[in-house]
Amino acid sequence: MTGVLRALRVLCGLGLCLSALPVDGAGPRSGYEFIKPDTHEMQDDDFLNPGMLTVERGHALFQAQPAGGGKSCAGCHGADGAGLDSAGIAGYPRYRDGAVLTLQEQINSCRARDGGAALPVDHPELVALETFVRNRARGEPVNVRTDGPVAALLARGEQLYRTRYGLIDISCQHCHEIYPGQMIRGQQISEGQGNGFPAYRLDIGEITNLPQRIQQCLTLMRAEPFASGSEELELLELYMMSRSNGLPIETPAVRY
């Protein structure tokens, strides 16, 4: 029995049966194409989109003086983020000094430079700031650089993306390149694009950024998730966002 068929048998035993036939289609396709009409309606209306509550929280934090003192984000980037570079936001994660620079790390770097205290990785306040900043670039095409020195990091991220994990013994590639469009618990599998993140997840009722979603997927694979802020998660985020190049930012998307 091949590894994929063995994984399918395990999934079926968990009530997560997939068709063994892949769906053909051109990509990249946003996860928006795979959600239900009522979820479309929720995402499209800022008054219905529950993720906008996190955007509002991030906006308040953006305007406020950070803990530890120093200048607010708005002090540099203008009220409501009017001075933020939407095209620049669409380029995260990016390369800096031989490593991946995530949007969270850039926000913390700005806070520290201006006299404020850095926040722990994936702290709710940092996720809220990340969500607000990404929302300021909504509609901007994702444009993660893939040439030059970042190419070596992308290759490492792709290797992680194609590695099998956990007791279910499948990789990210199996779900999001072989089986997009197939059904799992009444939901269509998407291509795993990152253009909607941070996104509001109906399944858990909260905003989730892309590294957190990767951790959740690894848990579903019955694998030990990579630690928050780990090099592995940053490399996976870099590679997965590069797969979304050209798709418009939808933050906060609404996903199952």
Side-chain angles (χ1 to χ4, degrees), residues 3-4 7 22 26-31 87-109 121-122 126-127 130-131 133-134 137 140-166 168-180 189-199 201 208-251 253 255:
V4 173
R29 291 178 293 169
S30 171
I89 294 167
Y92 282 91
R94 57 181 66 228
Y95 176 91
R96 185 177 70 179
D97 299 332
V100 178
L101 176 68
T102 67
L103 185 55
Q104 279 200 12
E105 289 171 334
Q106 182 59 59
I107 293 169
N108 261 337
S109 177
V121 175
D122 294 338
L126 188 53
V127 173
E130 177 187 13
T131 304
V133 172
R134 286 277 291 180
E140 188 76 30
V142 176
N143 186 28
V144 173
R145 188 166 182 176
T146 58
D147 60 348
V150 75
L153 297 177
L154 280 166
R156 292 171 61 194
E158 181 176 6
Q159 183 179 20
L160 289 165
Y161 183 84
R162 301 186 187 283
T163 297
R164 294 173 181 269
Y165 297 100
I168 296 181
D169 191 37
I170 60 175
S171 67
C172 310
Q173 175 194 17
H174 285 117
C175 279
H176 299 301
E177 291 187 5
I178 299 175
Y179 293 106
I189 298 174
S190 74
E191 291 184 355
Q193 303 294 350
N195 60 304
F197 288 88
R201 290 204 57 224
T208 303
N209 65 20
L210 185 54
Q212 289 171 324
R213 185 68 185 108
I214 295 168
Q215 289 174 316
Q216 292 163 4
C217 283
L218 288 168
T219 299
L220 289 172
M221 292 178 188
R222 304 298 190 265
E224 183 70 27
F226 298 119
S228 297
S230 64
E231 182 183 36
E232 290 87 353
L233 278 182
E234 292 188 349
L235 290 168
L236 278 166
E237 181 182 4
L238 174 70
Y239 175 69
M240 292 176 71
M241 285 303 302
S242 77
R243 294 175 70 247
S244 300
N245 276 349
L247 292 174
I249 292 175
E250 298 176 16
T251 304
R255 300 288 186 262

Do the side chains of [Y] and [X] get nearer than 4.5 Å, heavy atoms only?
| X | Y | value |
| --- | --- | --- |
| Val150 | Leu238 | yes |
| Asp122 | Gln104 | yes |
| Ile89 | Glu140 | no |
| Arg255 | Arg213 | no |
| Gln216 | Thr208 | yes |

Counting only N and O atoms by type, is there a donor-acceptor contact under 3.5 Å from the side chain of [X] to the main-chain atoms of [Y]?
| X | Y | result |
| --- | --- | --- |
| Asn195 | Pro248 | yes |
| Arg134 | Phe197 | yes |
| Asn143 | Ala90 | no |
| Thr131 | Pro198 | no |
| Gln173 | Tyr161 | no |

Item to check | side-chain contact (heavy atoms from CB on, under 4.5 Å) between Glu237 and Val100, worked out | outcome: CA-CA 9 Å; Glu237 181 182 4; Val100 178; 5.9 Å; no

Of all the heavy-atom pairs spanning [X] and [Y], show the shortest one and how long it is.
| X | Y | answer |
| --- | --- | --- |
| Leu154 | Ser242 | CD2-OG, 3.5 Å |
| Leu233 | Pro211 | CD2-O, 3.9 Å |
| Gly229 | Glu234 | O-OE2, 4.0 Å |
| Ile214 | Met240 | CD1-SD, 3.7 Å |
| Leu153 | Tyr95 | CD1-CD1, 3.6 Å |
| Phe226 | Gln215 | O-NE2, 2.9 Å |

Next on the checklist: Less than 4.0 angstrom from a charged side-chain N to a carboxylate O is my criterion; do Arg162 and Glu177 meet it?
Outcome noted: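 So Arg162 pairs with Glu177 through a salt bridge.
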
Checklist entry - With the threshold set at 4.0 Å, does a side-chain nitrogen-carboxylate oxygen contact exist between Arg96 and Glu105? => result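 Salt bridge absent between Arg96 and Glu105.
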
To the nearest 0.5 Å, how far apart are [atom1] in [X] and [atom2] in [Y]?
| X | Y | atom1 | atom2 | result |
| --- | --- | --- | --- | --- |
| Ile189 | His174 | CD1 | NE2 | 12.0 Å |
| Arg243 | Cys172 | CZ | SG | 9.0 Å |
| Leu160 | Tyr165 | CG | OH | 4.5 Å |
| Gln193 | Leu247 | CD | CG | 5.5 Å |
| Tyr179 | Ser190 | OH | OG | 15.5 Å |
| Ser171 | Ile178 | OG | CD1 | 6.5 Å |

Next on the checklist: Working note: Ser30 + Glu250, criterion side-chain hydrogen bond (donor to acceptor under 3.5 Å, both in side chains); need CA distance, chi angles, decisive distance, verdict.
Outcome noted: CA-CA 9 Å; Ser30 171; Glu250 298 176 16; 2.5 Å; yes

Next on the checklist: Go through it in stages, so that I can follow the logic: the residues are Gln106 and Arg94, the test is side-chain hydrogen bond (donor to acceptor under 3.5 Å, both in side chains), and I'd like the CA-CA distance, side-chain angles, deciding distance and then a yes or no.
Outcome noted: CA-CA 10 Å; Gln106 182 59 59; Arg94 57 181 66 228; over 6 Å; no

